2 protein chains.
Amino acid sequence: MDTRKKILDTASRLFYQQGYNATGINQIIEEAGVAKASLYEHFKSKEDLLIAYLEFMFEQTISRFRHVVSTKVEAKEKISAIFEFLSLNTNSKGFHGCQFLNIAGEIPVENLRVYDVIRKQKNGLRALFAEILKSDSMGDHELQSGESLADGLYLLFDGAIMSCKVYGDSWPVVAAHKSALKLL
Amino acid sequence: MDTRKKILDTASRLFYQQGYNATGINQIIEEAGVAKASLYEHFKSKEDLLIAYLEFMFEQTISRFRHVVSTKVEAKEKISAIFEFLSLNTNSKGFHGCQFLNIAGEIPVENLRVYDVIRKQKNGLRALFAEILKSDSMGDHELQSGESLADGLYLLFDGAIMSCKVYGDSWPVVAAHKSALKLL
DNA sequence: TATAAATCAGACCGTTCTGTATGAATTTTT
DNA sequence: AAAAATTCATACAGAACGGTCTGATTTATA
């Protein structure tokens, strides 16, 4: 198997399960079954590995959400599908919160390399909500502009992920889902 | 000045500004103007200092929010007051996100000592929203139980704090505020 | 088969970390 | 003033960290 992929996969799993700072280079190479010198040939620093992890997760999360949404036609059902998909994750055994918000908690905001990827993913989510609302005729949300409503849904979504991790329970997704539908 | 308080104040500032892991014991004692031995006489470990910090912030945040709410009478205005107070914080120079969610991002969920305090603060917030809605006659929120609505407001709130940190901007508070009012 | 590229194991470096030990100096209490 | 408690400065222990280097060994290319 590709050495680079072995490293990235192992690092991704460990970064997500136990956090970035808590994961040492030595553990990564050991569990990946790879020499330390090999790791530093593919990634010139631990931070480079972190960036690769975040980019990897960006592609994965956004494409999954877009796929879930594409199975529905009505805006309301697309929104519901997103929260149901989230519920699937928060209920699964391997759930440890949002990959991006977790890193945001460990890395200082001054680190633009890291935060640019984090914001890119969040912007992707917001854009998805905005597109769903845009391609919709119902309601015409007079009290709130479409942008602001999309951001409201996004905040419920991210608040729910974070809360699920803190509480070790998925009731926040249920509450967020209900509130989201009420906002439409 | 009281040595213990000097230590706790300095640690609180540093933990909030640069994070828990990024703050070393040596920096704390240096900036507090205190000997290392003194620190370990008041706090038997760094984790004990973290707990003290969280408990300290718990008292402070909850009492501040309760005070802000107490200046209004109508539920809608109480809710608005909370988000306006949040906006005050997110716009201030020293804002670095939520003290509790920041720590949650650094400490593994298995650490119950830490997470119990974090959940205590979140429960305090949820209870505050629930009380506000309970003491209110308007609407009778038939679609959503009072509990679930309170949690919706809480999720908007926490989502906004987290997002403000990630974006380095306070637009999320505005969006959350608008959505919160729409939920009422 | 010969050459080049990739991966290997692991010693090693310098730094940083939390936490302990010591014994003197200072402050508070009696 | 004497006794007790606190705080002082600092050296040290022990471990973990990210990262570099070496030189052998395997794998792929020509």
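As the structure is a computational prediction, the values presented were derived from the model and not from experiment. Quick note on labels: first sequence line is chain A, next is B, and so on, each numbered from 1.
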side-chain hydrogen bond (donor to acceptor under 3.5 Å, both in side chains) evaluation trace for B/Tyr53 with B/Asp9: CA-CA 8 Å; B/Tyr53 159 66; B/Asp9 283 354; over 6 Å; no
Side-chain N,O (B/His42) to OP1/OP2 (D/dT7) below 4.0 Å: yes
Atom-to-atom span, CD of A/Glu47 to P of D/dC17 - whole angstrom: 18 Å
Selected nucleotide, minimal atom distance to A/Ser45 side chain, candidates D/dC8, D/dG19, C/dT7: D/dG19
Interatomic distance, B/Ile7 CD1 vs D/dC8 P [rounded to whole Å]: 8 Å
5' precedence on DNA chain D between A/Lys44 and A/Ala22 (nearest-nucleotide basis): A/Ala22
Candidates C/dT22, C/dG19, C/dA9 - which lies nearest the side chain of B/Ala37: C/dT22
Step-by-step ring-ring contact (aromatic ring centres under 6.0 Å, His included) determination, B/Phe129 to B/Tyr154: CA-CA 7 Å; B/Phe129 280 118; B/Tyr154 153 72; 7.4 Å; no
Selection from C/dT20, C/dT7, D/dG18 that lies nearest to any side-chain heavy atom of A/Ile25: D/dG18
Distance (rounded to the nearest 0.5 Å) between B/Ser179 OG and A/Leu153 CG: 7.0 Å
Distance-only donor-acceptor test, B/Lys36 side-chain atoms vs C/dG19 base atoms, 3.5 Å: yes
Euclidean distance, atom CG of residue B/Asn26 to atom C1' of D/dT10 [Å, nearest integer]: 11 Å
Donor-acceptor pair, side chain of A/Tyr115 and main chain of A/Ile107, under 3.5 angstrom: yes
Separation of C/dT7 P from A/Arg4 CZ (nearest whole Å): 11 Å
Closest to the B/Thr3 side chain, choosing from D/dT7, D/dG19, C/dG10: D/dT7
Nucleotide C/dC8, atom P - distance to OH of A/Tyr40 in whole Å: 15 Å
d(CD, B/Glu41; P, C/dT28) in whole Å: 15 Å
Donor-acceptor pair between B/Gln121 and B/Thr61 side chains, under 3.5 angstrom: yes
Rounded interatomic separation in angstrom, taking NZ from A/Lys46 and P from D/dA16: 15 Å
Nearest-angstrom distance from the residue atom CG of B/Leu49 to P of C/dT18: 10 Å
Candidate nucleotides C/dT18, C/dC8, D/dT7, ranked by approach to the side chain of A/Val34 - the nearest: C/dC8
